[in-house]
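All remarks here apply to the structure that follows.
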Amino acid sequence: MNQSSLSISFFRQDVLEVAPQLLGKIVQLKTKAGNRYFFITETEAYCGEEDMGCHCSKGRTTRTEIMYHAGGVYYVYLIYGMYWMLNIVTGKINQPQAVLIRGIKEFDVTTGKVFANYNGPGKTGKVLGINKSLYGTPVLQDNRIKILSHNFQGSTDKIKTAPRVGIDYAEDEWKNKPWRFILS
DNA sequence: TGAGTGATCGTA
DNA sequence: ACGATCACTCAC
């Protein structure tokens, strides 16, 4: 298995480039029992203060501060008191954007066989052991989670788009944007 | 369809 | 200081 990570320049592209390109990318998780391997199956893009579905539509706050950083750091937060959402900041400095990782599948690294599906951002955060300590950590620096630069076999072929989930409070213009990317 | 759960943010 | 809200999940 090629272990090279995605570069910092990848994450500093616009979120609408990064979000679909993250589909199929392999995530390596280091645990006491050894490495576990996943690939990304679903993402969502959140794009700037003008995007009424994005947390940054309310401007710079303690929570959203990290989104104003240049791309390539983690943005995590707790929702509904239970679920840690895993996001990666993208774009340039002061261009607040992030990709939400909404789903991953786990596979056996020797056989290449998929054996578990974690659909939904809450489940994704749980299986990866996300918590607030990851907030602001550079993606390339974290020693527990590595995002590799190559794709799970044959996973890039079919990308579906759909409106984003859970932002019913936003006006139709933003609610309807096809910024949810799904591997099929 | 609604309960569970706690950080965050706007209003005082 | 308080109350409403929330990029969700699971059981019913």
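Note on naming: letters A, B, ... go to the chains in the order of the sequence lines (proteins, then strands), and numbering restarts at 1 for each one. The structure displayed is predicted, hence computed values, not measured ones.
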Does the side-chain ring of A/Tyr80 sit on the six-membered ring of the B/dG6 base, less than 5.5 Å centre to centre and under 30° in tilt?
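Check failed, A/Tyr80 does not stack on base of B/dG6.
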Taking [atom1] from [X] and [atom2] from [N], how many angstroms apart are they, rounded to a whole number?
X	N	atom1	atom2	answer
A/Lys58	B/dT11	NZ	P	11 Å
A/Trp84	C/dA7	CH2	P	15 Å
A/Glu65	B/dC9	CD	P	11 Å
A/Asp168	C/dT5	CG	P	14 Å
A/Asn131	B/dT5	CG	P	19 Å
A/Ile79	C/dC8	CD1	C1'	7 Å
A/Met82	C/dA7	CE	P	15 Å
A/Lys177	C/dA7	NZ	P	18 Å

Would a 4.5 Å heavy-atom cut-off, applied to side chains only, mark A/Ile145 and A/Ile130 as touching?
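Yes, side chains in contact.
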Residue [X], side-chain heavy atoms: nucleotide from [options] that is nearest:
X	options	answer
A/Tyr83	B/dC9, C/dC8, B/dG6	C/dC8
A/Ile167	B/dC9, B/dG4, C/dA7	C/dA7
A/Thr62	B/dC9, C/dA7, B/dA7	B/dC9

For a quick test of reading the model: is some side-chain N or O of [X] closer than 4.0 Å to OP1 or OP2 of [N]?
X	N	value
A/Lys123	C/dC10	yes
A/Tyr169	C/dA7	yes
A/Arg180	C/dA7	no

In plain terms, say whether A/Arg164 and A/Glu44 are close enough for a salt bridge, that is, a side-chain N and a carboxylate O under 4.0 Å apart.
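So A/Arg164 does not pair with A/Glu44 through a salt bridge.
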So what's C/dA7 paired with, Watson-Crick or G-U wobble, going by both distances under 3.5 Å?
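Its partner: none found.
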Partner lookup for B/dT5, please. Criteria are Watson-Crick or G-U wobble with both distances under 3.5 angstrom; report none if nothing qualifies.
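Partner of B/dT5: none.
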Just call it for [X]: base, sugar-phosphate, or nothing, with non-hydrogen atoms closer than 4.0 Å on any strand.
X	value
A/Gly81	base
A/Met85	sugar-phosphate
A/Arg164	nothing

Between A/Glu42 and A/Asn119, a side-chain donor and acceptor under 3.5 Å
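A/Glu42 vs A/Asn119: no donor-acceptor pair found between side chains.
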State the SG-OH distance between A/Cys56 and A/Tyr75, to the nearest 0.5 angstrom.
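The distance works out to 7.0 Å.
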Given A/Tyr118, which partner from the list A/Lys105, A/Lys123, A/Arg102, A/Glu106 fulfils the side-chain hydrogen bond (donor to acceptor under 3.5 Å, both in side chains) test?
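Considering A/Lys105, A/Lys123, A/Arg102, A/Glu106, a side-chain hydrogen bond (donor to acceptor under 3.5 Å, both in side chains) with A/Tyr118 is found only for A/Glu106.
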